[in-house]
Amino acid sequence: MLDIKFVLQNLELIKQNAENRNVKVDLDKIASVYEERKLLQQEIDELRSERNVIAKDMTSCSAENRPVLVERSKEIKEALATKEKRFKELDESFTSEFMKVPNLTHPDSPLGKSEDYNREIYRYKEPTQFSFKPKDHVEIGQDLDLIDFELGTKVSGSKFYFLKNEAVLLEYAITKFAIDALIKEGFTLISTPDLAKMEIVEGIGYNPRGSEAQIYSLNNSDLCLIGTAEITLGGMLANSVIDEQDLPKKFVGISHCFRTEAGAYGSFSKGLYRVHQFTKIEMFAFTTPEKSEETHEYFKGLEESLFRALDIPFRTIDICVGDLGGPAYRKYDLEAWMPGRRGDDENTNGNWGEVTSTSNCTDYQSRRLNIKYKSKETGKTEYLHMLNGTAFAISRTLISILENYQQSDGSVLVPKVLQPYLGFDVIKR
RNA sequence: GGAGAGUUGGCCGAGUGGUUUAAGGCACUGGUCUUGAAAACCAGCGAGGAGCAAUCCUCCCGGGGUUCGAAUCCCUGACUCUCCGCCA
């Protein structure tokens, strides 16, 4: 959510921004409904003011005047009921459209309508070379008895899986490695609920309703399965005011993530790449507006250093304007090399696949969730900035490890940095 | 699951139908004093909206109701605490 005053004063800029971001939103309707709502609000205020005056006079008025005042007050009450009902309709109409307005965009984000315009800004190593034909992680997982998709389908449905044996240990090793690194950076460790209220989910910017919803919701309840710990970590401070001296607040959360993945099929989402449930280690920060860009770069740097530590080739992408989600002001993705992924050309093997992502959502989420900070200098309360970043999404990290570290004999080496957490350096049968 | 008590500004907390347009305290900001600081004293200080301004409106957990008038009464939902029951 943006500041309505800012939107009205910069209507053309906001229109252009929405168009650049591929968001369909009727800003003229927003402006006209808001104006109508405002005028009605003024009428309502006048009536209320008169009612308040009468209520005050009532204590001191003469006996014969009293029925006159009561009569007028009753008229006001009826008039108010009608106007307030209309106001509620206008307000709902305004709010539902206004919520669609996307965040402003960082001036350096590449302009473009689709992911083709995303800009590579950093690369760590070139794609892994093999002296043999590399397998994909589905085959490796099967051969080494690490991942069982058939069991997942049998018990829970398609796009569910069971991790087995060393893959389970890898999940814990990756988790512990990330936690250790981030605690050193001053993050507070959190294990969050896997369910959250709809108002929180919406506040973060996800749409939990409708056919395109990426979020599972529970019947007979206002709860949703979280799609990411971003929801619960951001929701932690909903409706609160933080002293500036307590910022930035940095959290690292461990959570299960649930995604409906409606309509996501095909060879680009094979195996573990696109699943209904996975574990994620998520970074989150609340900062002052002045510090959010710096923190965003810091998160990007952390994500890069974590993947460099695994020694897996990756590239960092500055996401283009048209590919940004509603809340993001700017977003960077890390794409790891996945040797088993289908190439852009059907006959080639290997491709880049998104493994982490970090967004600066500025005050877009804090406005919806009502999270402010008290400025030390002015004593005023202002909306703070919120940022999120993936440390590791376990499922996709497993893909990148299994596929890049596979050997000609079918075994998989363990990244050096994880060996101390596992006590072995190779997975084989 | 049963019984009882609660939810008020950044925090604590008074307030059971009309001088509460929310007392008081803490914290915070400015000032006096001081070599400096602390203390003390003085002053300011909740949020949102409309308006050039004066000023006006809304907000006392959410929703609904009673009343000329509701933080205050009624209904309902959420949450917190205490005790009991059950249970990893």
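Only this structure's heavy atoms are used, side chains among them; waters, hydrogens and symmetry mates stay out. Each chain gets a letter, A, B and so on, in the order the sequences are listed, and its residues count up from 1. Predicted model, so just to flag it, every value in this text is computed and none were measured.
If you measure from atom CG of A:L80 to atom C1' of B:rC57, you get 11 Å, rounded to the nearest angstrom. If you take CZ of A:F87 and P of B:rC57, they are 16 Å apart, rounded to a whole angstrom. Atoms CD1 (A:I371) and C1' (B:rG10) sit 15 Å apart, rounded to a whole Å. Between A:D222 atom CG and B:rG63 atom P there is a gap of 15 Å when expressed in whole angstrom units. If you measure from atom CG of A:N239 to atom P of B:rG9, you get 12 Å, rounded to the nearest angstrom. Distance CG (A:L40) to P (B:rG49): 18 Å, rounded to an integer number of Å. Atom CG of A:N370 is separated from atom C1' of B:rG62 by 15 Å (rounded to the nearest Å). What separates NZ of A:K197 from C1' of B:rC61 is a distance of 11 Å, to the nearest Å.
Backbone-only contact: A:Y34 has heavy atoms under 4.0 Å from sugar-phosphate atoms and none from a base. Contact annotation for A:K83: no contact, since no heavy-atom pair falls under 4.0 Å across all strands.
B:rA14 and B:rA71 are spaced 12 Å apart, taking the C1' atom of each and rounding to whole Å. B:rG2 and B:rC74 have their C1' atoms separated by 24 Å, given to the nearest Å. Rounded to whole Å, the C1' atom of B:rC42 lies 11 Å from the corresponding atom of B:rC33. Nucleotides B:rC73 and B:rU80, compared at atom P, are 23 Å apart to the nearest Å. Separation of the C1' atoms belonging to B:rU72 and B:rG15 is 8 Å when rounded to the nearest angstrom.
A:K291 meets the side chain to side chain contact (heavy atoms under 4.5 Å, CB included) test with A:T287, A:T288, A:E294, A:T295; sequence neighbours excluded. Here A:K56 pairs with nothing under the side chain to side chain contact (heavy atoms under 4.5 Å, CB included) rule; sequence neighbours left out. Partners of A:R72 by salt bridge (Lys or Arg N to Asp or Glu O under 4.0 Å), not counting sequence neighbours, listed by chain and number: A:E50, A:E75. The side chain to side chain contact (heavy atoms under 4.5 Å, CB included) search around A:Q9 returns none, not counting sequence neighbours.
Here the closest heavy-atom approach between residue A:D246 and residue A:K249 is recorded as O-CG, 3.4 Å.
Using cut-offs of 30° and 60° on the angle between ring planes, the pair A:F160 and A:H276 is tilted. Using cut-offs of 30° and 60° on the angle between ring planes, the pair A:F149 and A:Y161 is tilted. Classified by interplanar angle (parallel below 30°, tilted 30° to 60°, perpendicular above 60°), the ring pair A:Y421/A:F177 is perpendicular.
Distances shorter than 4.0 Å separate some side-chain N or O of A:K372 from OP1 or OP2 on B:rG48. Considering only side-chain N and O atoms, A:K38 lies nowhere under 4.0 angstrom from the phosphate OP1 or OP2 of B:rC57. At least one side-chain nitrogen or oxygen of A:K88 sits closer than 4.0 Å to the OP1 or OP2 atom of B:rG64. A sub-4.0 Å separation between OP1 or OP2 of B:rA27 and a side-chain N or O of A:K374 is absent.
If you check B:rC83 for Watson-Crick or wobble pairing at under 3.5 angstrom, you find it paired to B:rG2. Here B:rG44 sits opposite B:rC28 as a Watson-Crick or G-U wobble pair (both hydrogen-bonding atom distances under 3.5 Å).
By the 4.0 Å N-to-carboxylate-O rule, A:D143 lies close enough to A:K135 to be salt-bridged with it.
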Name the pairs: protein N/O against N/O of nucleotides 15-26 of chain B, kept only if under 3.5 Å.
residue	atom	partner	partner atom	Å
B:rG18	N2	A:A55	O	3.0

Contacts under 3.5 Å, N or O only, protein and nucleotides 58-60 of chain B:
residue	atom	partner	partner atom	Å
B:rU58	OP1	A:R51	NH2	3.2

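When ring centroids are compared, A:F94 and A:Y34 come within the 6.0 Å threshold.
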